[in-house]
Colleague: 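Okay, handing you the structure first.
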Amino acid sequence: MNLAQQFETLSELARSGQVLPFWQDIFVKFYQAFLYEDRWLQYIEGVGTTLLVTAMALAIGVVLGSVVALVRVGHDQQKPHHRNPLLGLVNGVLEVYVTVIRGTPMMVQLLIMSMVIFASSRDYTMVGALTLGINSGAYVSEIIRGGLMAVDPGQMEAGRSLGLNYITTMLLIIIPQAIRSILPSLGNEFIILLKDTSLITVIGGKELLYAAQGVMNRTYEAMFPLLGTAAIYLVLVMIFSWLLGKLERRLAQSDRR
Amino acid sequence: MIVVKGLQKQFGALPVLRGVDLEIQKGDCVVLVGPSGCGKSTFLRCLNRLEEPDGGQVFFNGEEVTDKDIDRVRQKMGMVFQHFNLFPHLTVKRNITLAPVRLGLLTQEQADAKAMELLQRIGLADKADVYPNMLSGGQKQRIAIVRALAMDPEVLLFDEPTSALDPEMVGEVLELMRELARGGMTMVCVTHEMGFAREVANRIIFIDEGVVKVDKPPKEFFANPENERLKAFLSKVL
């Protein structure tokens, strides 16, 4: 007797009111959580969306964060008497952005984006990715700003003393050195982002947790879908942590050259 | 070549330079000395505007140095730092060629050739492709000097070039500076090396309390220090 037939028999018994022995009960719940009607495919699809949303949010976050960080550092490095008013204005706006994003819960941001700003949109996954990206941008900007400011100020002076302008010195001398300290923190941000994608479930983004909830709603059984989801996140995070560790060791090695 | 008029600079409420007047001629090797905190380094850094003066003017070849054309002025006014400030992510050769190539003064081939020639001169040609953290302090500083030389500067500013070096490495850096001075390079040096000042400088300038107190050729400077503060200073450093 194969698994499917066994499941049919046992679930029939359960439906008729019979209390199943422990292991048979577990088997039925596991089977209907993952195998029945090929439900595992829904989880796989969910993981795909989770990874896609993470990648998109990270891309938005890195681009946004880089721009914010460069403007803010550029603003701070101006000479005291010659402040550019336009740069000052943009800097002010960006400071508000960072403060607001870091000062409000991500869940609230998601709800505002989906129910107020993009109330007419049905593409909840994309709205979720955009929100996560905007959120991540604020944190990434602080990571990058910290990295840029950690480079010895003598490097900027050396570049400028050779006649290179501010932007060239930034691009060729400061940023390449800052990247070494930025990359590991950016990796952590990626892992945080990966887990935070589960929040877009509340606005209807179709990622991994959403798939699990779909199964829960049909089976009235929470344990296996939720434990399975947790296990999948854990495995993903462990894989990426391992990759990041390798990257960090690689960077540390080139430091010693 | 460089004319400084009434240069003032203060950090917060603390006045560091209170009106420095100075003229530096082509071929001069000027050594600035003075008690620590007297503003020698600040003065030097005001010349190429790494520090922005609060008052007074700096003229370079007859033109006032302002923020507008500062990058052009700096190409002709090289600077050597106490902590070398080599670019750690670039090889020695790239450190030297980066600026001339980026600024369109030389092609990469020309710059490479020039870098090798300069490295040969200081006996470090074999270090062309290594990264700065493989070098000793003395080697780093000599390469920093070569990096400034690769721009064909008209004047070199030295900001305590030997202060961060182990004693046994000071000699090699001073020797290179001596060679440059003999070759007619215009130099302005902040240094505590009185031997170097006595032997190489044609003018020694004592800065104290934010102004130039003494400006004399080395012989007179050391033999006949009339100024009381200078006497006190020399008695401490000699």
Side-chain angles (χ1 to χ4, degrees), chain A residues 66 73-88 144 146-186 247-257, chain B residues 10-12 44-45 47-55 66-91 94-105 129-134 144 147-153 156-157 159 164:
Chain A
S66 306
V73 168
H75 174 81
D76 291 348
Q77 286 180 345
Q78 289 179 104
K79 291 179 173 179
H81 307 300
H82 304 274
R83 292 198 177 277
N84 181 336
L86 180 67
L87 194 57
I144 294 180
L148 290 174
M149 296 202 315
V151 176
D152 174 13
Q155 293 290 311
M156 175 57 82
E157 291 187 349
R160 298 304 306 276
S161 81
L162 288 163
L164 300 171
N165 63 28
Y166 179 80
I167 292 171
T168 309
T169 310
M170 264 293 175
L171 284 178
L172 298 182
I173 292 164
I174 308 299
I175 292 174
Q177 293 183 57
I179 282 177
R180 285 180 187 198
S181 57
I182 290 172
L183 271 186
S185 315
L186 213 52
L247 177 74
E248 269 179 60
R249 276 193 296 282
R250 176 84 58 85
L251 284 175
Q253 248 166 25
S254 62
D255 269 347
R256 259 179 266 121
R257 68 193 167 189
Chain B
Q10 51 194 45
F11 291 116
L44 200 69
R45 291 160 58 83
L47 293 182
N48 67 352
R49 287 184 92 80
L50 281 184
E51 232 37 278
E52 190 170 11
D54 292 319
T66 59
D67 269 339
K68 220 161 136 197
D69 52 356
I70 188 61
D71 290 334
R72 218 189 61 230
V73 170
R74 282 175 181 155
Q75 293 181 23
K76 291 291 147 202
M77 207 188 258
M79 187 158 200
V80 177
F81 299 87
Q82 181 177 0
H83 296 286
F84 332 127
N85 297 350
L86 292 178
F87 307 132
H89 61 302
L90 301 176
T91 61
R94 280 277 288 154
N95 261 277
I96 299 169
T97 60
L98 178 77
V101 173
R102 284 302 296 195
L103 293 166
L105 307 177
D129 294 315
V130 308
Y131 287 86
N133 63 359
M134 297 294 289
R147 179 174 69 177
L149 285 176
M151 293 292 296
D152 268 330
L156 274 183
L157 312 177
D159 188 3

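Everything numeric here is computed off the predicted structure, so don't read it as measured data.
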Colleague: Side chains of A/Leu162 and B/Met151: does their closest heavy-atom pair fall under 4.5 Å?
Modeller: yes

Colleague: I'd like to check A/Glu157 versus B/Met79 (side-chain heavy atoms, cut-off strictly below 4.5 Å). Are they in contact?
Modeller: no

Colleague: Between A/Gly163 and B/Gln75, what is the shortest heavy-atom contact and its length?
Modeller: CA-CG, 4.0 Å

Colleague: Would you mind checking which part of B/Phe81 comes under 4.5 Å of any heavy atom in chain A, side chain (CB onward), backbone (N, CA, C, O), both or neither?
Modeller: side chain

Colleague: Please classify the contact of B/Leu157 with chain A as side chain, backbone, both or neither, using a heavy-atom distance under 4.5 Å.
Modeller: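 Neither the backbone nor the side chain of B/Leu157 comes within 4.5 Å of chain A.
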
Colleague: Please check: side-chain N/O of B/His89 versus main-chain N/O of A/Ile174, any donor-acceptor pairing under 3.5 Å?
Modeller: no

Colleague: For the CZ atom of B/Phe87 and the OG1 atom of A/Thr169, what is their distance to the nearest 0.5 Å?
Modeller: 7.5 Å

Colleague: Under a 4.5 Å heavy-atom cutoff, which of B/Leu86, B/Ile70, B/Val73, B/Asn48 has the most pairs with chain A?
Modeller: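 The answer is B/Leu86.
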
Colleague: For the side chain of B/Asn85 and the backbone of A/Ala158, is there at least one donor-acceptor N/O pair under 3.5 Å apart?
Modeller: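 Checked: no pair found.
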
Colleague: Look up atom CG in A/Leu164 and atom CZ in B/Arg74, then write down how far apart they are to the nearest 0.5 Å.
Modeller: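 Reported value, rounded in 0.5 Å steps: 10.0 Å.
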
Colleague: Go through the atoms of A/Asn165 and report whether side chain, backbone, both or neither lie under 4.5 Å from a heavy atom of chain B.
Modeller: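 The answer is both parts of A/Asn165.
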
Colleague: Are side-chain heavy atoms of B/Met77 and A/Ser161 found at a separation under 4.5 Å?
Modeller: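 A side-chain contact is absent here, since even the closest heavy-atom pair is not under 4.5 Å.
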
Colleague: What option among B/Arg45, B/Glu52, B/Arg147 has the most heavy-atom pairs under 4.5 Å with chain A?
Modeller: B/Glu52

Colleague: So how far is it from B/Leu90 CG to A/Ile173 CD1, rounded to the nearest 0.5 Å?
Modeller: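 So the CG of B/Leu90 and the CD1 of A/Ile173 are separated by 7.0 Å.
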
Colleague: Go through B/Leu98, B/Asp54, B/Asp67 and name the one with the most non-hydrogen pairs under 4.5 angstrom from chain A.
Modeller: B/Asp67

